[in-house]
Structures are given as C-alpha cells and as structure tokens.
There are 2 protein chains.
Amino acid sequence: MSTVENPADKTGAPAPVGPAAPATLHDVAREAGVSLATASRSLNGSTRRVADAYRDRVLAAAAKLDYSPNLSAQAVARGSTMTVGLVVSDIADPYFSSIAAGAMRVAEESGLVVTMAVTGRSPERELEIVRTLRGQRPRIILLAGSRSQGSAVRDALIGELQSFEASGGRVVMISQRDLPFATLSLDNDDGAFELATTMAGFGYRRFAVIAGTANVRTSLDRVDGFRRGLLAAGVDSETVVVETEFTRDGGYDAGRRLLERGLDDIELVFAVTDVMALGAMAAFRESGVEPGRDIAVAGFDDIPTVRDVTPALTTVRAPLVDIGERAVRLALGDDFDRASVDAVPTTVVVRASTPRR
Amino acid sequence: MSTVENPADKTGAPAPVGPAAPATLHDVAREAGVSLATASRSLNGSTRRVADAYRDRVLAAAAKLDYSPNLSAQAVARGSTMTVGLVVSDIADPYFSSIAAGAMRVAEESGLVVTMAVTGRSPERELEIVRTLRGQRPRIILLAGSRSQGSAVRDALIGELQSFEASGGRVVMISQRDLPFATLSLDNDDGAFELATTMAGFGYRRFAVIAGTANVRTSLDRVDGFRRGLLAAGVDSETVVVETEFTRDGGYDAGRRLLERGLDDIELVFAVTDVMALGAMAAFRESGVEPGRDIAVAGFDDIPTVRDVTPALTTVRAPLVDIGERAVRLALGDDFDRASVDAVPTTVVVRASTPRR
DNA sequence: CTGTTAGCGCATTCAA
DNA sequence: TTGAATGCGCTAACAG
C-alpha cells in the first residue's frame with residue numbers, strides 16, 4: 001500500500017486553524033436579518049406562512065453560510081425522528097442484503113433515514129443493538145433474521161422492544177413468529193413441504209437435509225416442513241440430518257461430512273438455505289460428485305446467484321426484496337397492528353440441480 | 001397473504017390509551033432522589049465520580065423506569081455524535097455488501113452507529129443523500145462506489161463534502177481518486193493489467209471486454225489497464241468492447257450482444273465486474289456456448305460466489321471486506337490526512353474459466 | 001462528590 | 001405574518 005498526496009486536492013489556501021462550527025439557524029437568521037422563528041419557518045416549516053421576500057433572504061443566507069439543519073436538534077425539539085433502525089444477522093449474506101435493499105428503498109421513498117446494525121447471529125449482540133437503537137428514537141425497528149430459541153436474553157429483548165412500542169415506536173419482525181410483535185413471516189414450513197412433495201413427485205426417495213444448528217427457528221421450520229412433505233408423499237425412508245452453521249462454509253462443511261459418511265443411500269440433499277446449498281455443492285464437486293448428475297441438490301430462498309451456478313439450483317423462492325419493502329410499509333401503515341402475522345407465500349422453483357429420475 | 005392475530009401476544013392488559021413518553025433523565029433523577037447532574041454522571045459520564053450509593057440508586061431507577069438515553073439530545077448537548085454515514089450504490093450487490101460488512105464491523109467495534117443510504121448510482125440521489133447525511137453531523141462519511149465523470153452535480157457534492165470536513169468531519173472515498181478527499185483506491189488499473197498479461201501468457205490472443213457505461217470511472221480504469229496489459233504482452237489484435245449496465249443483467253445483455261455479433265474471433269471475454277461476468281456466462285451457456293470450454297471468461301472483484309459457479313471464475317481479487325474495515329480505520333486515525341490516497345493492491349486469481357490454451 | 005445553572009440547535013406557542 | 005420566549009433531553013461548567 002502506497003500513500004501519496006492527492007493530486008486532485010488543489011486548495012491552495014493556508015491550512016485552516018481547526019474545525020469551524022457549522023452554521024446554525026441562529027447564524028442564518030442574523031445573516032438574513034430576521035428572527036430565529038422566521039428562519040426556522042422558511043427553512044423547515046411545512047406550511048410556508050412566510051412572506052416571499054423574507055423567505056428568499058433566508059434561503060440566500062442559508063446557501064451563503066452553507067447551512068445544514070442539525071437533525072439531532074430537530075429531533076429533540078420536535079420530539080420525533082425520521083429514522084428507521086434495521087438489524088440483520090449478516091449484511092454480506094445475499095438473503096439479508098436483499099431484504100435490506102427492499103427496506104431501504106421504501107424507507108428512503110418515505111424520507112426516512114436508515115440506520116443499520118449487524119448481529120452476527122449473536123443474541124447478546126442483538127440485544128445490545130436494540131438498546132442503542134432505542135436511544136435513537138426511531139419510528140421503526142426492523143428485526144430480520146432468525147432468533148434463537150430459548151435464548152437467555154430473549155426476555156430482555158422482548159422487554160426492550162415492548163418499551164419501544166410503548167413509547168409509540170413500531171417493530172416488525174421478519175422471518176419469525178415467536179415474538180409478540182408484528183411479524184412478516186416466510187412460509188418456511190409450507191415452502192419446504194411443497195419442495196418435498198415436488199421432489200418426491202420427481203421420483204426421489206432418499207434424502208439428506210443440511211440444517212442449521214438446532215436452536216435456529218427458521219431451520220427447524222424448514223426441516224419440519226420438508227419432513228412433513230415427505231411423509232405426505234409416502235416417503236418412508238429415514239432422512240439423514242446434518243447440522244451446521246448458517247453460512248456457505250457451514251454448507252461446505254456439511255457437504256464434506258456427508259461425503260465422508262457416504263452418499264450411496266442418498267439421492268437428494270436439501271440445504272435449508274441457498275448459501276448452504278452452494279457450499280455443499282462445492283464440496284461435492286471437489287470430490288468428483290457432480291451435483292445434478294450424481295446427486296440432486298435443493299436449497300431455499302432463491303438468492304440471485306443460484307440461477308447462475310451450474311447446475312442451476314432448485315429452490316424455494318422467498319421474495320426477499322419484496323419482504324423488505326413490505327416490512328417498512330407495514331410499519332408505516334395507518335392500520336398497523338402490533339399483533340399481526342403476515343405470511344409471505346413461497347414458491348418452488350425447479351431447476352437443473354434436481355432432474356426427474 | 002393471510003393476517004391473523006399473533007398467538008404469542010399474551011398481554012391481557014386493556015388497550016393502552018396511547019404512546020407514553022419515554023422516561024427522561026429527569027424522571028430517573030427524581031425517582032432516585034438525586035439531581036439531574038448526578039443521574040447523568042452515573043448513567044453516561046465516562047469517569048465515574050459518583051458515590052456508589054447514589055450510583056446504584058440511579059441505576060435502579062433507570063432500570064425501573066426502563067430509561068433509554070436520548071441519543072439526539074446527547075448529540076445536541078455534547079455537540080458531537082457517534083455516527084458514521086455509509087453511502088453505497090446498491091446494497092444487494094455483493095461488492096458493496098462486502099464493503100459494508102467490513103465497515104460496519106469496525107464501526108461497531110468503535111462504538112459507532114452506522115447509517116446507510118443507497119444511491120442507485122444516481123449522482124443526484126447521491127448529492128441528496130450526502131446533504132441529509134450532513135445533517136446527522138456524523139463523525140465520518142464513507143462514499144463507496146464509482147462516481148460518474150463530468151456529472152453536473154459533482155461540484156455541489158464536493159462543496160457539500162468540503163463543508164462537512166470544514167466542520168471537523170472526515171470523508172473517505174472508496175474506489176475513486178478523482179475527488180479531493182482521502183481515498184482508498186483499488187488498483188483497478190494494475191489489477192486489470194496483470195490479468196491481461198496473465199491471460200496472454202496462457203495463450204489467449206483475441207479478447208472482448210464487457211465494460212460499464214463510458215462515464216463510470218472504475219470501468220474506464222479497468223478497461224484501460226486491461227488494454228495496456230495486452231499491449232505490454234504484445235497482443236496486437238483489436239479488442240471488442242461492449243458497454244452495458246453495471247449489473248448482472250447488464251452482463252447478461254452484453255453476453256447476448258456478443259453472441260449475436262458472433263464469438264468466432266473471440267477467445268476470452270473480460271467483464272469489468274464479477275457480477276457482470278456471471279450474467280455473461282449465463283447468456284453464453286443459454287446459447288450452448290460453454291464458458292471455460294468454448295469461451296474463456298474473466299471478471300474482477302472476486303465476490304464470494306464466483307468460486308462456487310462452474311467453471312469457477314478467474315478474476316482479480318479486491319479485498320472487499322478489508323477495504324471496508326480499512327476505510328473506517330483510516331477515518332478514525334489520529335494521523336488522518338484528507339489528501340491521502342491509499343492504493344489497495346489486487347491479485348489475479350486464476351480459476352477454471354480461463355484454461356491454458 | 002453533588003447540585004444549580006446555563007447552554008446545545010431548533011420548533012413552536014403566544015403576543016404583537 | 002413576524003418575533004420573543006419557552007422548552008425538548010441532555011451535558012458541562014460552575015459553585016457549594
């Protein structure tokens with residue numbers, strides 16, 4: 001790494017003595033020769049009940065002084081903010097970044113500023129985040145990502161969130177239904193069910209499942225749904241379940257473990273997320289086991305890249321961006337119901353990784 | 001979508017009359033029977049110069065009242081915040097989500113809250129975002145993503161950012177070196193250069209380049225570097241250049257256009273980003289042209305998924321997460337230099353999509 | 001160590 | 001319509 005002076009920096013002025021305080025509304029008012037109130041009304045007041053002559057002078061002064069309204073001060077004075085807090089498990093995971101993209105889109109449409117935080121799937125960290133988020137006094141807190149079962153901090157989280165709601169905030173959970181808040185819940189169970197029956201219909205009879213660790217609700221639901229689907233389709237063979245991390249590398253690891261165990265009695269591997277499926281496929285291929293030919297693989301979520309891998313991955317589509325958008329709209333709605341549970345439907349998408357047998 | 005009452009909501013209390021204002025520090029002080037100052041010192045003051053007896057009473061009162069410090073009020077009173085503003089082109093793009101992941105990691109480590117915004121690659125939107133970000137009085141503003149050349153709002157953006165710096169803020173640009181601010185700049189040129197010479201060394205002689213639209217700096221640099229590399233390697237055949245959007249679908253579209261044109265005189269296609277390369281590969285394969293066999297493909301960035309596609313994609317690695325981390329560290333550094341340009345080295349990663357000829 | 005007081009930047013009520 | 005005054009929730013002198 002080399003460090004050089006930036007040639008684009010052409011300011012020939014002598015080094016400034018230090019940070020000058022930004023212009024305040026007071027400065028603008030003085031510059032324009034009007035009162036604080038008039039300046040405030042011209043700049044930020046919604047209904048403009050200011051004479052044009054004054055208004056223009058204020059605007060000119062603001063431009064000249066390069067005025068930027070202090071949002072914190074506005075928040076204190078108004079007693080409300082234009083903020084939405086978004087907490088996700090891992091922003092580099094396409095699942096969450098897609099949801100975030102949707103959420104941010106409609107948030108910004110509504111003039112809201114999004115502050116984001118990452119839990120890394122740690123319940124403690126999540127609690128901590130919600131705590132500081134609360135301090136922001138956001139209008140909305142969005143929690144995306146599976147919460148763990150029986151976590152010690154669960155009650156504290158609920159308490160924190162309830163306090164937030166008690167003071168007029170709105171919370172929306174994405175992807176869970178086990179906390180007493182408005183929820184946008186993926187049909188994990190149904191989606192996996194339908195995937196299982198579809199695959200059984202394709203002639204598959206012997207399955208393995210790559211699941212998340214046992215305390216992750218989303219994983220549990222998907223595994224259960226898949227199992228129910230197999231049952232409903234009359235599949236009676238035992239299904240192998242491998243637990244692993246909720247990541248690509250977790251999937252890879254699970255794939256390796258399946259290989260070690262032997263794949264002879266397995267026709268199809270269902271990974272509870274696409275990212276994990278991708279990892280597993282990589283592991284298989286590395287050992288000369290070709291996905292889609294030697295072994296069928298299916299995932300869940302339909303993240304953008306799975307249509308671009310080879311073979312393209314069969315999966316259950318979750319309308320991720322849409323979910324993000326809806327979560328914010330839901331929270332913004334006049335008819336917001338803090339006890340509502342909205343189920344987001346999923347659809348099975350069959351691709352080359354699961355050919356008919 | 002169905003809406004039902006959430007069974008987990010077991011609060012049997014009568015409907016609350018309306019949002020109760022959150023407890024203030026004043027409330028806590030009164031509850032604890034101490035002064036405002038003492039409450040403040042016990043709760044938020046860094047150096048605890050408060051008698052334990054008092055402290056405990058304050059803490060208890062805070063817990064009882066479920067007190068949450070109002071960050072906006074703190075910001076106003078202190079005259080500073082713990083915020084960093086991060087602006088990216090598209091958070092669903094792995095390139096940016098990886099950078100964001102890195103940035104958020106060290107930001108949170110430093111106790112900073114990240115507020116994020118998405119430009120959608122619109123310079124106007126970017127300006128607007130920086131304006132409102134300025135209002136937050138963040139400590140840092142991070143701009144990731146290529147700015148367009150000759151944009152009409154360029155000067156306004158510079159002005160806004162300079163005002164921000166003038167009042168003590170720090171701005172770091174990621175991936176550009178054409179704006180007069182501290183810059184963390186990928187070696188786009190060198191990386192593409194090295195890729196070109198490596199590919200020439202593999203025996204490739206006839207190339208096509210899938211580029212972004214002509215005003216995107218990153219694209220220009222990568223195309224130029226690639227061309228220079230070919231020249232240096234003694235390749236004298238003309239290189240076909242196709243311009244398209246900076247997205248997967250843009251790459252797909254460019255791939256289709258190349259197919260229509262005919263691929264007979266092309267041995268290797270270099271897409272200026274991995275995402276675009278993935279799109280192009282999909283287009284090729286759809287037409288029966290097998291990447292890695294019928295045509296070689298290379299990308300740039302080394303986003304996580306490209307090692308999981310088939311054939312795995314040859315690319316130029318940009319340490320994205322690392323870049324995000326370093327950007328924040330750079331901004332936080334005691335020796336911050338607003339004119340510095342730090343070049344982030346890249347490395348060529350050869351994979352199956354570009355076999356030796 | 002504690003309490004009183006004066007702001008921080010801004011919105012808004014109330015008179016004028 | 002405009003301006004003066006009050007208050008938002010909190011921190012930081014300052015004096016006790």
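Proteins get letters first, then strands, A, B, ... in listed order; numbering begins at 1 in each. All figures in this text were calculated on a predicted structure; none of them were measured in a lab.
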Would you mind writing out the side-chain donor-acceptor pairs for residues 164-174 of chain B within the sub-3.5 Å range, not counting sequence neighbours?
| from | atom 1 | to | atom 2 | distance (Å) |
| --- | --- | --- | --- | --- |
| B/Glu165 | OE1 | B/Arg338 | NE | 3.3 |
| B/Ser167 | OG | B/Ser163 | O | 3.3 |
| B/Ser167 | OG | B/Phe164 | O | 3.0 |
| B/Arg170 | NE | B/Ala331 | O | 2.6 |
| B/Arg170 | NH2 | B/Ala331 | O | 3.1 |
| B/Arg170 | NH2 | B/Gly333 | O | 2.3 |

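The two residues A/Ala100 and B/Ile91 make their nearest non-hydrogen contact at C-CG2, 4.3 Å. Contact between A/Pro22 and B/Arg137 at its shortest, heavy atoms only, is CG-NE, 3.8 Å.
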Report each atom pair, protein N/O against N/O of nucleotides 8-10 of chain C, whose distance is under 3.5 angstrom.
| from | atom 1 | to | atom 2 | distance (Å) |
| --- | --- | --- | --- | --- |
| C/dC8 | O2 | B/Val76 | O | 3.4 |
| C/dC8 | O2 | B/Ala77 | N | 3.2 |
| C/dC10 | OP1 | A/Tyr67 | OH | 2.6 |
| C/dC10 | OP1 | A/Asn70 | N | 3.1 |
| C/dC10 | OP2 | A/Leu25 | N | 2.3 |

Please list, for nucleotides 14-16 of chain C, all pairs of protein and nucleotide N/O atoms separated by less than 3.5 Å.
none

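Taking the side-chain hydrogen bond (donor to acceptor under 3.5 Å, both in side chains) definition, one finds that A/Thr81 meets it with nothing, sequence neighbours left out. For A/Ser42, the side-chain contact (heavy atoms from CB on, under 4.5 Å) partners at least two apart in sequence or on another chain are A/Thr38, A/Val50, A/Arg55, A/Val58. Qualifying side-chain hydrogen bond (donor to acceptor under 3.5 Å, both in side chains) partners for A/Arg134, counting only residues two or more places apart in sequence or in other chains: A/Glu160, B/Asp66. Under the rule for a side-chain contact (heavy atoms from CB on, under 4.5 Å), the partners of A/Leu71 that lie at least two apart in sequence or sit in another chain are A/Gln74, B/Gln136. Remark: B/Ala117 pairs with A/Glu108, B/Ile129 by the side-chain contact (heavy atoms from CB on, under 4.5 Å) rule, at least two apart or across chains. Residues meeting the side-chain contact (heavy atoms from CB on, under 4.5 Å) test with B/Glu128, sequence neighbours left out: B/Arg125.
Base contact: B/Ala37 has a heavy atom under 4.0 Å from a base atom.
Axis deviation across the helix from C/dC1-D/dG16 to C/dA16-D/dT1 amounts to 40°, comparing end segments of five pairs, rounded to 10 degrees.
Checked against B/Ile140 for a side chain to side chain contact (heavy atoms under 4.5 Å, CB included), the options B/Leu86, B/Leu330, B/Val84 give a single hit: B/Val84.
First and last contacting nucleotides of DNA chain D toward chain B (any atom under 4.0 angstrom from a heavy atom, 5' to 3' order): D/dG9 to D/dA13.
Put simply, the side chain of A/Ser72 never gets that close to the backbone of A/Asn70: no donor and acceptor are under 3.5 Å apart.
Within the structure, salt bridge (charged side-chain N to carboxylate O under 4.0 Å, His left out) pairs that include any residue of residues 70-91 of chain B do not occur (at least two apart or interchain).
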